[in-house]
2 protein chains.
Amino acid sequence: MADTTKEKIIDLADHLIRTKGFNAFSYADISAPLAIKNAAVHYHFPTKGDLGISVIERELKNLALHIRKWEKMPEDQQLRKLIDVFQQRYKLGTICLVGSLTPDYDTLPAPMQAKVQEMCTGILQWMTQCLEKGRAQQRLHFEGEAYDRALMVLSNLLSSLLFSRVLGGSTFQRMSKQLAKDLI
Amino acid sequence: MADTTKEKIIDLADHLIRTKGFNAFSYADISAPLAIKNAAVHYHFPTKGDLGISVIERELKNLALHIRKWEKMPEDQQLRKLIDVFQQRYKLGTICLVGSLTPDYDTLPAPMQAKVQEMCTGILQWMTQCLEKGRAQQRLHFEGEAYDRALMVLSNLLSSLLFSRVLGGSTFQRMSKQLAKDLI
DNA sequence: AAATATACTGACTAATTAGTAAGTAAGCAA
DNA sequence: TTGCTTACTTACTAATTAGTCAGTATATTT
């Protein structure tokens, strides 16, 4: 996956944020598995906030890549693709960055808060457009403003991973199927 | 509010879990504001997990109290009452315990994980019954199984507080209004 | 009056935390 | 070959972490 040390650090940090949360992992959790020293992590990412920002930025790039790939698809297909992304997260036993970082928002360094905000508004903007266009073509069906519905849809995707973590079983499948049924 | 030291500790811990998260507050964050020593907190709650469990147990008692108060109301009213509870949380700038503790689930001591699970299944059970009875009386309207819908509704309430924290503005109002419109 | 329980304080500890500063080995450029 | 950059290691630090244990003042019980 990642060849450079820097990419390996981001990979691991991403996984730690999703599994333990930003405040529950330490530089040692990164340096030990990679068999490097604590200071090597600080060399690439002076502060923990810098590392967090890089993790979010990589996620934003990956998301932008996905979205561009889906551009020509009908909107109901795009929605299914996004649900697939969350399903892959579910299979890995991890939650989404929004679900992990928004509860800790007040404890994050200011530059990282800004990135979290950017991530949230970005995903919401895309989802709003997707819903709006999908409804115009009668491929998606819902009531109310598209932005409000986008909030609800992202809410359900986010929570499906949170609830799965605690309730286990078919929780994720139940929620994602119900979400698709409601809209398509 | 609370007169005994023990109750004051639970009050503060509750607030800290909701604002900073379980892993981002320390015994010092509790002892300092209450002008007591670190060891006094340990006297009442030997481990941090014990403190977390007490916070959840108090929340479960409060919730049970609310629910009993609403027992005779029609189900659409009960739902509005629950939304009101979340609105009060929103006004305080805090999130719900489920939203705060489920992302950190894997880092929690086992007995606390069990309590988090109990809390989730408990709220879901109530919500499922509320939705089911409400639909039978045609006071609430939705498609699919009541349990699946309960997951979605709690998802929206939880996320409305998370998103409000980051996006600010009218996010909470938008989501709670849309939720009520969808069901009632 | 003596014994016991409650609710602490004072004084610790061992481990972990993010972060720093100085040194070094390897590769590349002038 | 001299100098510079990259990517680290070694060796720290100051602060904070949850948790312990012995002592003490104040009620309460016997």
Side-chain angles (χ1 to χ4, degrees), chain A residues 1-17 19-56 58 100-101 104-113 115-116, chain B residues 1-17 19-56 58 100-101 104-113 115-116:
Chain A
M1 269 241 162
D3 341 322
T4 68
T5 300
K6 194 169 183 176
E7 281 167 341
K8 283 178 193 164
I9 294 170
I10 296 178
D11 259 8
L12 234 177
D14 180 275
H15 191 255
L16 287 164
I17 289 174
T19 50
K20 308 182 71 179
F22 187 74
N23 290 313
F25 82 89
S26 70
Y27 274 72
D29 290 324
I30 288 174
S31 55
L34 296 182
I36 56 176
K37 298 297 156 180
N38 219 316
V41 185
H42 277 286
Y43 167 74
H44 292 289
F45 306 97
T47 71
K48 208 181 172 187
D50 294 323
L51 177 52
I53 286 174
S54 287
V55 168
I56 301 175
R58 196 188 58 163
S100 173
L101 295 173
D104 294 345
Y105 189 75
D106 291 350
T107 73
L108 303 177
M112 214 183 140
Q113 289 186 337
K115 270 286 161 212
V116 171
Chain B
M1 271 245 160
D3 24 292
T4 68
T5 299
K6 194 169 183 178
E7 282 167 340
K8 283 178 193 164
I9 293 171
I10 296 178
D11 259 9
L12 234 178
D14 181 276
H15 191 255
L16 286 164
I17 289 173
T19 50
K20 306 183 73 181
F22 187 73
N23 290 313
F25 82 89
S26 69
Y27 275 71
D29 290 325
I30 288 174
S31 55
L34 296 181
I36 58 176
K37 299 297 158 181
N38 220 314
V41 184
H42 278 285
Y43 168 73
H44 293 287
F45 306 95
T47 70
K48 208 182 171 186
D50 293 323
L51 177 51
I53 286 173
S54 287
V55 168
I56 301 175
R58 195 189 56 165
S100 173
L101 295 173
D104 294 344
Y105 188 75
D106 291 349
T107 74
L108 302 176
M112 212 181 144
Q113 290 185 336
K115 270 286 162 214
V116 170

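Every chain is numbered from 1, with letters handed out A, B, ... down the list of sequences. Predicted, not measured: the structure shown is a model, and the values here were computed from it.
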Notebook entry, point to check: Would you say A:R58 and A:D11 make side-chain contact, with heavy atoms under 4.5 Å?
Noted result: yes
Note to self: Tell me every residue that passes side chain to side chain contact (heavy atoms under 4.5 Å, CB included) with B:T47, counting only those two or more places apart in sequence or in another chain.
What the structure shows: B:D50
Checklist line | Along DNA chain D, first and last positions that approach a heavy atom of chain A under 4.0 Å | finding: D:dT6 to D:dT10
Next item on the list: Report the residues that fulfil salt bridge (charged side-chain N to carboxylate O under 4.0 Å, His left out) with B:K115, sequence neighbours left out, ordered by chain and then residue number.
Entry: B:E57, B:E118
Checklist line | 4.5 Å side-chain heavy-atom contact, B:K8 and B:I36 | finding: no
Check: For residues 29-37 of chain A, which residues have at least one heavy atom under 4.0 Å from DNA chain C?
Finding: none
Notebook entry, point to check: Measuring from B:H44:NE2 to B:I30:CD1, what's the distance to the nearest 0.5 Å?
Noted result: 11.5 Å
Notebook entry, point to check: Below 4.5 Å, heavy atoms only, C-beta onward: do A:I10 and A:F45 meet side chain to side chain?
Noted result: yes
Item checked: Interatomic spacing from CG in B:L51 to CG in B:L12 - rounded to 0.5 Å -> 9.5 Å
Next item on the list: Cation-pi check, B:K6 to B:Y43: give yes when NZ or CZ is under 6.0 Å from the six-membered ring centre and within 45° of the ring axis, no otherwise.
Entry: no
Item checked: B:D104 side chain vs B:L101 backbone, donor-acceptor pair below 3.5 Å -> no
Which protein N or O atoms sit under 3.5 Å from an N or O of nucleotides 18-20 of chain C?
{"residue": "C:dA18", "atom": "OP1", "partner": "A:F25", "partner atom": "O", "Å": "3.2"}
{"residue": "C:dA18", "atom": "OP1", "partner": "A:K48", "partner atom": "NZ", "Å": "3.4"}
{"residue": "C:dA18", "atom": "OP2", "partner": "A:Y27", "partner atom": "N", "Å": "2.9"}
{"residue": "C:dG19", "atom": "OP2", "partner": "A:Y27", "partner atom": "OH", "Å": "3.4"}
{"residue": "C:dG19", "atom": "OP2", "partner": "A:K48", "partner atom": "N", "Å": "2.8"}
{"residue": "C:dG19", "atom": "N7", "partner": "A:H42", "partner atom": "NE2", "Å": "3.1"}

Next item on the list: Go through the structure and list residues passing ring pair (Phe, Tyr, Trp, His ring centres under 6.0 Å) with B:Y27, not counting sequence neighbours.
Entry: B:H42
